[in-house]
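In what follows, chains are A, B, ... by sequence order, proteins preceding strands, each numbered from 1. Nothing here was measured: the structure is a model prediction, and the numbers come from that model.
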Amino acid sequence: MPIKLKDLPRIRYNMPGNAACPGCPETMGMRYVKMALGDNVVMVIPAGCSSVIQGINPKSGMNFPILNIVFAAAASAAAGMKAAFEELGRDDVQVVVWAGDGGTGDIGFQALSGAAERNDDIIYICVDNEAYMNTGIQRSSLTPYGAWTTTTWTGKTEHKKNIPLIMIAHDVPYVATASVGYPQDFIEKLRKAASIRGFKYVHLHAPCPVGWRFDPGLTPHVAQLAVKTGLWPLFEYERGKFRVSSFSRMYRKPEKRAPIEEYLKLQGRYKGAGPEVVKELESYVNRLWEWIELLEKSMSPSTTAKKLVSKT
Amino acid sequence: MPVKTLTGNKAVAYAARLARVKVVSAYPITPQTTIVETLASMIEHGEMDAKMIRVESEHSALAAALGAASAGVRAFTATSSHGLLYMHEVVWWTAGARVPLVMAIVTRAIGPPWNIHVDHQDIWDQRDSGWLISIAESNQEVFDLTVQAFRISEDERVYLPMMVGLDGFILSHTVAPVDMPEQHEIDEWLPERKQPYVITPETQYVMGNLATDEDYYMMRYSIQAAMEAAKDVIKEVDKSFGENFGRSYGGLVERYRVEDAKYHVIVAGSWAGDAKEAVNILRDEGYPVGLLRVRFFRPWPTEDIVDVVGSSKGVITFDRSVSFGARGHLFMETISSLGPLAGKLSVRGVIAGLGGVDVPAEEFAMVIREFIDEVEREGQVYDPAYWHLPSQYRDMYPSRVEEVVR
Ligand SMILES: Cc1ncc(C[n+]2csc(CCOP(=O)(O)OP(=O)(O)O)c2C)c(N)n1
Ligand code: SF4
């Protein structure tokens, strides 16, 4: 059931006095999390922009109960909280991790992988702004090829690590990609995640005007372009079934995709990136979609159904 | 009350069960492993009503325990040596969060080279973190301290996590009789869990976001105040435990044959048993010596030290650890608590037993005897770092490292 904007709650989820930069994708995302999941939620947040965005104790700029935790341990702390709620007979409480790409794909990856393997009943959201923003824009393993950061002055020489595919390989009940440019899609996916028991992973693409060097008014636009170029495909993996989400389906065909140059030219982090970078990213997109095709073919709802039939 | 023959590790596991721990998360490391195994078995077989989180590392073990405890249940973990060092970051975070929690530390040397035997380098390495740090002499005390740790840690005057140290192999893997109260007796003695806050959808509590530097400073101040308050709490709990179960240990320290003593031995952990035997030997020889066993390294028992040792003729500390470039830990702490008094008495800081090197009672007696004789002979002795070397190296290297260099 598609979500209508007018049906979403209109409470102030990020409070005045929070410390986010203008156009911040993390506060946008956080707002959608609350819209999707409501009030029966506790958050676990490791080091990152979102630990600062909360503002200064004893107040908090985020309308959530939060356990802030050390950088590498978000998934584990959340697993502990969930175990406690289960012991207290409060299975209904959603424990949600809100971690950056560094806290997810680099330093926090071991804990994430552990929680996924144990199938802990939590929702893990990676808010991916493609660098360590909180410490001043250093590259992470999720920074894309060619991007300038303060530790890759001439452009990153490696490609973005594909955490969602790695999470699918963990065989958890639910994995999805989302984007701050498509709030309804994100909210829908979160609601689905909330209805599933076990480990849920949602990877939210979150273009950051400060780190990517674009106009803060353009956050959703840049986010949408990432999807339209095919660089950030939206998909879902649910109990063995893989499906490309509606907003991304048309970009299976390369000729439908927006030109990568259009995406890059909005971003200062690609200033000076020549045709070599574009070519490299194009080949990355093609490989990415080959993976997706492979997954679609072997794990689409219809093939999975066929496999089940042939088994009996 | 049933008396059972138990290893120290089993005593820890049973104590956690009797304290009605609800979430256990732990990662195996020798010599802590049998704690995890026992807890996992009890939980899987329905003998303990708790959840076991089989984490992928110690960093996660404590983070998960902290998560559980901050949501409102008793949580427990245990580790040792490299595991403890690996979780160090979360050790600090947990104390800063003021979340009551209990962790057993099976003390073990730190590599390289790999060594799984006892010393106190791992546990004392945590000394500045804001945890209450205790260390037992016997399996019975391991059990008693683990149960007491929940009451101390959850006391509203304290609200700090607590470590219970037990020496690797010497206690962890050696069986001894342990008198364990019945569940209903523990239930009556151990109050319902209290904690400063819980993080739930209803409480809307946020823990750990930024604070002003001034507020941060004051939060540190409050940890120090809680440490001070913990001294009374530890004594009260020790006394109340004694009234209910017949065993008291004397609070932050145990005093052994100190009444008319002119010389004092300061020691912590299981080898205090050997040191006490040495005291007995020396007493028989006519040496007026007593012993102070440090049960709590944090809060440090300053008052007890001053009380017992303040008018001593000579103090000899035995450290199973060293702060490289400085002294043994007990020595440094003792001298700093004595303040101006330290200049009036003779001191020797002995560093021995690193990596599990055995120091039998006769050797303790020998080292103590030499110290007392020297003081009697020479008047005053100041000898802060005396390396009591393994016997096969004693003739090859000097006991004072400075002499190797000069
Ligand atoms: C153990 C440890 N190492 C380093 C840091 C410093 N640090 C804090 S946040 C951060 C980067 C966060 O990046 P990311 O997870 O991508 O989140 P973002 O800030 O981009 O939201 C780093 C390196 C830390 N807090 N802890
Ligand atoms: S640096 Fe980017 S992600 Fe971080 S607060 Fe600013 S806009 Fe948000």
Minimal non-hydrogen separation, [X] against [Y], with atom names:
{"X": "B:Val206", "Y": "A:Phe64", "result": "CG2-O, 3.4 Å"}
{"X": "A:Glu87", "Y": "B:Lys51", "result": "OE2-CG, 3.4 Å"}
{"X": "B:Pro201", "Y": "A:Asp39", "result": "CB-O, 3.5 Å"}
{"X": "A:Ala84", "Y": "B:Val23", "result": "N-CG2, 3.9 Å"}
{"X": "B:Ala71", "Y": "A:Met81", "result": "CB-O, 4.2 Å"}

Contacting moiety of [X], where chain B heavy atoms sit under 4.5 Å:
{"X": "A:Val52", "answer": "both"}
{"X": "A:Ser60", "answer": "both"}
{"X": "A:Lys59", "answer": "backbone"}

Could A:Arg90 and B:Glu202 be called an ion pair, given the rule that one side-chain N must be under 4.0 Å from one carboxylate O?
yes
Is there a side-chain contact between B:Glu56 and A:Ser113 (heavy atoms, below 4.5 Å)?
no
May I ask you to test the A:Asn68-B:Trp93 pair for a side-chain heavy-atom distance under 4.5 Å?
yes
Is chain A contacted by the side chain of [X], its backbone, both, or neither, given a heavy-atom distance below 4.5 Å?
{"X": "B:Ala65", "result": "neither"}
{"X": "B:Met87", "result": "neither"}
{"X": "B:Thr212", "result": "both"}

When you measure from the side chain of A:Asn57 to the backbone of B:Asn209, do you find a donor-acceptor pair of N or O atoms at a distance under 3.5 Å?
no
Per-residue tally against chain B (heavy atom, under 4.5 Å) across A:Ser51, A:Gly55, A:Gly114 peaks at A:Gly55
